[in-house]
Amino acid sequence: MLRVHQQKDYKGMSCKVARLIAAQITMKPDCVLGLATGSTPIGAYEELVTKYNEEKLSFAAVTTVNLDEYRTLPPTHEQSYRYFMNDNLFRHVDVREAYTNVPNGLAEDTAAECARYDALIRGLGGIDLQLLGLGNNGHIGFNEPCDHFVLETNVVDLTESTIDANTRFFATKGDVPRQAITMGLGCIMEAKMVLVAVSGAGKADIVCRAFSGPVTPEVPASILQLHPNVVLVGDEAALAALTKTGITICR
Ligand code: F6R
């Protein structure tokens with residue numbers, strides 16, 4: 001089941017996403033949060049840091065599992081997703097470092113690393129709330145469009161479109177890693193709740209295709225139409241095309 005929440009702008013979207021994550025932590029302080037990187041969740045992480053500082057929201061019992069990590073980037077690299085998470089959230093709150101998990105992009109035995117990550121998540125009892133951004137091509141995590149849905153944590157070759165989209169974070173396109181390790185769609189679909197955050201006119205078309213188009217691995221996010229508990233939070237610009245389909249929107 002899908003519930004769509006529309007907010008005016010990026011700030012409103014970020015506040016709503018942070019409120020939902022904070023509610024999850026309040027209801028279950030030792031919850032497992034699946035987290036995302038990218039531009040979209042930065043504002044929500046800022047709001048969570050404010051809630052930690054001003055509302056005593058504690059992450060002390062929380063475990064986190066991130067969606068993905070670039071292959072070949074060490075955690076100290078400013079564009080690694082481990083660095084991003086430390087920089088935008090972890091070092092500002094009381095989460096215990098040992099309880100934060102990001103795939104190891106430096107693993108030499110990638111098959112073993114993928115199997116370890118799936119076993120870790122299932123050993124935790126699965127994910128309570130999975131936060132997702134949405135790629136311009138419909139990817140979630142780094143599960144890129146392909147001819148079948150990939151369920152296990154896997155090594156992906158990033159598509160040209162994703163490399164182009166992420167070039168903005170690197171000095172040159174040639175610096176963008178060509179591969180990543182990503183949580184598969186299985187653990188995402190097994191999460192008790194999936195929270196998708198979208199912002200900006202550039203996402204309007206793919207939001208519409210993902211949530212009101214056919215369920216197809218060519219748009220990996222479309223698999224979320226089969227999930228029993230998805231909350232989509234977007235600003236007006238990102239939801240513009242979906243709104244026109246007549247879908248029920250909570251404002
Ligand atoms: C990030 C991730 C990606 C991003 C997506 C959207 O961990 O898994 O799927 O969520 O590429 O990125 P932004 O938010 O930068 O538009």
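Start at 1 and go down the list; that is how both ligands and their atoms are numbered. For this chain, numbers begin at 1 and follow the sequence in order.
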Looking only at the side chains, is there a donor atom on one of Thr162 and Glu144 sitting less than 3.5 Å from an acceptor on the other? yes
Answer yes when Arg19 and Glu47 have at least one side-chain N-carboxylate O distance shorter than 4.0 Å, and no when they do not. no
Do Arg82 and Thr100 get their side chains close enough for a donor-acceptor pair, meaning under 3.5 Å? yes
Report, one line per pair, each donor and acceptor closer than 3.5 Å where one atom sits in a side chain of residues 194-204; sequence neighbours left out.
{"unit_1": "Ser199", "atom_1": "OG", "unit_2": "Asp235", "atom_2": "OD2", "d": "2.6"}
{"unit_1": "Lys203", "atom_1": "NZ", "unit_2": "Leu134", "atom_2": "O", "d": "2.9"}

Check whether the side chains of Asp175 and Thr172 place a donor and an acceptor atom closer than 3.5 Å, and report yes or no. yes
When you measure from the side chain of Glu69 to the backbone of Tyr81, do you find a donor-acceptor pair of N or O atoms at a distance under 3.5 Å? yes
Strictly under 4.0 angstrom, heavy-atom based: which residues surround ligand 1? Ala36, Thr37, Gly38, Ser39, Thr40, Leu67, Asp68, Gly133, Leu134, Gly135, His139, Gly141, Arg168, Lys203
